[in-house]
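A quick write-up on the structure given underneath.
Computed from a predicted model, the values in this text were never measured in an experiment.
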Amino acid sequence: MAANFKFYNTLSRTVEDFVPRTEGEVSMYTCGPTVYHYAHIGNIRTYIMQDVLIKSLEYAGYKVKRVMNITDVGHLSSDADTGEDKMVAGAKREHKTVMEIAKFYTDAFFKDFDAVGNKRPDIVEPATNCIPEFIHMIEVLLEKGYAYVAGGNVYFDTSKLDDYYVFSSAVEKEQLEVGVRDDVEEDANKKNKTDFVLWFTKSKFEDQALKWDSPWGVGYPGWHIECSCISMKHLGEFIDIHCGGVDNIFPHHTNEIAQSESYLGHEWCKYWFHSNHLNDQSGKMSKSKGAILTVSLLKEKGYDPLVYRFFCLQSHYRKPLVFSFEALDQAAGAFNKLVKRIAELKEDGAVDTSVVSKYEDDFRDAVSGDLNTAMAITLLYDVLKADTNDATKLALVENFDKVLSLDLIAHAKASKEEVSVDPELEAFILDAIERRATAKKAKDFATADAIRQELLDKGVEIKDTREGVKWNLI
């Protein structure tokens, strides 16, 4: 029997007890990346918090099946069906085909996704795999009177719904309606400002790289249709939880509910989980600002990607998180101290199961209570200070790491290996690093390079990081 679990449901705007349709099992859909560019660390924060949700559910005793899409067609530069297809823009920017762009950035996304300790979804489906499913859903929506053809395109008719703005309060609905009326770029084919495209034909863009035959002419799907169809293809007519970033709430998730429930004729998804933005000092991180800060770039700068995960876990997923290198440096310092304390634990003695059971209950309460990850990390420190033996502490560190996924035991082992270097060699290394620093300060780069090579010859690799020079044996 799975434990009581609750989190904030964007649909009801309250923290709710989670009750899946099938006891002990969770079907989950998460919006994947549009693979026209790198995923920045703000995007990755969303996936870290989704990963914590999945692992917390598993820790509480649930079995989770998760599906994620890859958007490789149909996502325009504006979420409101205007502008250029992001994939086409990416292909033009890099003088590659759309499919080459999709493959390159999908691989880059998963490299960063994996590096921060995330578990991959059970099913990952590119939108371009599911064109027949999209066409079928659109045909049904037309038959039911929820869609219409105009100017060669197929649109969803939002006026047929009792409540289109399902995620919004009365005040927000009024603001959104005003925003829609003031939309600067109008599509003359739409009957209502809030209507959205289900299928574009060549009348929209003559130079669209990817297009397919359809009953309405050669064209390609709108962005919103893919998540509904991919979810139903793999999870059936109902899903328990749908995840995304807060920027997906309107219009993307609003439109998904509109088309899915009109197609199915019943409620589609009861619980909606959204993570808040990662901001820098100038506001929300986005790809349109120019330089993109990625997990891979953090790694190149000398940061362990799991330090970034640790940084994210110290804040609540529903709060905006402000990123700065100073804040990340603080997280790195705290993480390294934590690892050092774990490395000092001895592996002898018997595990005290009663102590383990008590802390497990506390940890389960923290993560099952709207993902209180800050409290979960506090409990980790409490364990290290607890009046119990080291074997019990190590067992609990390993236990908590099923959710935290900071790879703490492996980091502690690596830390011990660093410490157990021959003292004479360590003294030589530290002296060489100091001599190199002096040479660099004097702009004597030839000597600095020679010292680096001298260390390499002895099997020692050095790396300049924001936290100083790091070394390891190779």
Side-chain angles (χ1 to χ4, degrees), residues 41 111-112 114-117 293-311 313-314 323-349 377 380-381 383-385 389-391 393-394 397-398 401 404-474:
I41 60 171
K111 183 182 173 190
D112 286 358
D114 294 344
V116 293
L293 184 56
T294 64
V295 170
S296 293
L297 198 56
L298 290 181
K299 198 172 178 181
E300 281 173 33
K301 288 176 179 286
Y303 293 99
D304 184 328
L306 292 178
V307 164
Y308 178 63
R309 185 184 181 98
F310 183 67
F311 168 72
L313 296 184
Q314 290 173 310
F323 174 86
S324 68
F325 279 105
E326 291 74 21
L328 193 62
D329 287 340
Q330 285 177 357
F335 182 79
N336 292 336
K337 280 182 191 168
L338 177 62
V339 165
K340 189 168 180 290
R341 285 177 71 178
I342 295 166
E344 289 164 358
L345 299 174
K346 307 288 187 290
E347 291 182 31
D348 50 350
I377 287 173
L380 188 59
Y381 286 106
V383 163
L384 294 173
K385 290 185 286 190
N389 65 22
D390 286 2
K393 291 179 182 181
L394 283 166
V397 168
E398 198 161 6
D401 220 22
L404 301 177
S405 296
L406 296 168
D407 208 13
L408 292 166
I409 300 293
H411 275 78
K413 280 181 181 167
S415 167
K416 276 186 197 171
E417 283 165 18
E418 277 180 31
V419 173
S420 61
V421 172
D422 172 74
E424 200 175 315
L425 175 60
E426 188 174 6
F428 168 77
I429 293 166
L430 296 175
D431 176 64
I433 288 171
E434 204 171 309
R435 285 189 287 117
R436 179 172 170 268
T438 304
K440 282 180 77 176
K441 200 170 181 182
K443 295 195 168 21
D444 183 358
F445 298 114
T447 300
D449 289 343
I451 293 168
R452 178 190 282 276
Q453 189 56 51
E454 188 184 340
L455 285 164
L456 276 173
D457 291 343
K458 286 193 175 288
V460 180
E461 181 183 56
I462 58 171
K463 188 181 273 189
D464 295 306
T465 77
R466 289 176 65 93
E467 302 150 50
V469 179
K470 296 281 181 75
W471 61 270
N472 62 285
L473 302 179
I474 53 172

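Contact annotation: the side chain of Leu408 approaches that of Phe335 to within less than 4.5 Å [non-hydrogen atoms, C-beta and beyond]. Side-chain contact between Tyr303 and Asp329 is present, with at least one heavy-atom pair separated by less than 4.5 Å. At least one side-chain heavy atom of Leu328 sits less than 4.5 Å from a side-chain heavy atom of Leu298. With a 4.5 Å cut-off on side-chain heavy atoms, Ile433 and Ile451 do not count as touching. Counting heavy atoms from C-beta outward, Asp304 and Phe310 have side chains that stay 4.5 Å or more apart.
Every residue two or more places apart in sequence or in another chain that forms a side-chain contact (heavy atoms from CB on, under 4.5 Å) with Lys299 is listed here: Pro305. Evaluation of the side-chain contact (heavy atoms from CB on, under 4.5 Å) rule for Lys337 yields no partner, not counting sequence neighbours.
Not a single donor-acceptor pair under 3.5 Å links the side chain of Lys470 to the backbone N or O of Lys463. At distances below 3.5 Å, at least one donor-acceptor pair connects side-chain atoms of Asn336 with backbone N or O atoms of Ala332. With Asn389 contributing its side chain and Gly349 its backbone, the two residues share no donor-acceptor pair below 3.5 Å. The main-chain N or O of Leu404 is found under 3.5 Å from a side-chain atom of Arg309 such that the two form a donor-acceptor pair. In this structure, Asp390 contributes its side chain and Glu347 its backbone to no donor-acceptor pair below 3.5 Å. For Tyr308 (side chain) and Ile41 (main-chain N/O), a donor-acceptor pair under 3.5 Å exists by modelled atom type.
When each of Arg341, Lys346, Lys340 is tested with Glu344 by the rule side chain to side chain donor-acceptor pair (under 3.5 Å), just one qualifies, namely Lys340.
Under the 4.0 Å criterion applied to side-chain N and carboxylate O atoms, Lys440 and Asp464 are assigned as salt-bridge partners.
How far OG1 of Thr438 is from CG of Asp444: 10.5 Å, rounded to the nearest 0.5 Å. With rounding to the nearest 0.5 angstrom, the CG atom of Leu338 is 4.5 Å from the OH atom of Tyr381. In this structure, His411 NE2 and Leu406 CG are separated by 8.5 Å, a value rounded to the nearest 0.5 Å. Within the model, atoms CG of Leu455 and CZ of Arg436 stand 8.5 Å from one another, a figure rounded to the nearest 0.5 Å. Rounding to the nearest 0.5 Å places CZ of Phe445 at 12.5 Å from CZ of Arg452. Here the CD1-CG distance, from Ile342 to Asp401, works out to 8.0 Å after rounding to the nearest 0.5 Å.
Between the side chains of Gln453 and Asp449, no donor N or O sits under 3.5 Å from an acceptor N or O.
Looking at every heavy atom in both residues, Ala115 comes nearest to Leu306 through O-CD2, 3.8 Å. Scanning both residues, Val307 and Ala331, for their nearest heavy atoms gives CG1-C, 4.1 Å. Between Ala412 and Ala343, the shortest heavy-atom contact is O-CB, 3.6 Å. Heavy-atom minimum distance, Glu461 versus Leu456: CA-CD2, 4.3 Å. Of all the heavy atoms in Ala327 and Phe311, the pair that sits closest is CB-CE1, 3.8 Å.
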*For side-chain contact (heavy atoms from CB on, under 4.5 Å), just list the numbers for Phe323 and Leu293, CA-CA rounded to whole Å, side-chain angles, deciding distance to a tenth of an Å, and then say yes or no.*
CA-CA 11 Å; Phe323 174 86; Leu293 184 56; 3.5 Å; yes
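Counting non-hydrogen atoms of neighbouring residues, nucleotides and ligands closer than 6.0 angstrom, the CD atom of Glu454 exceeds 12 such neighbours.
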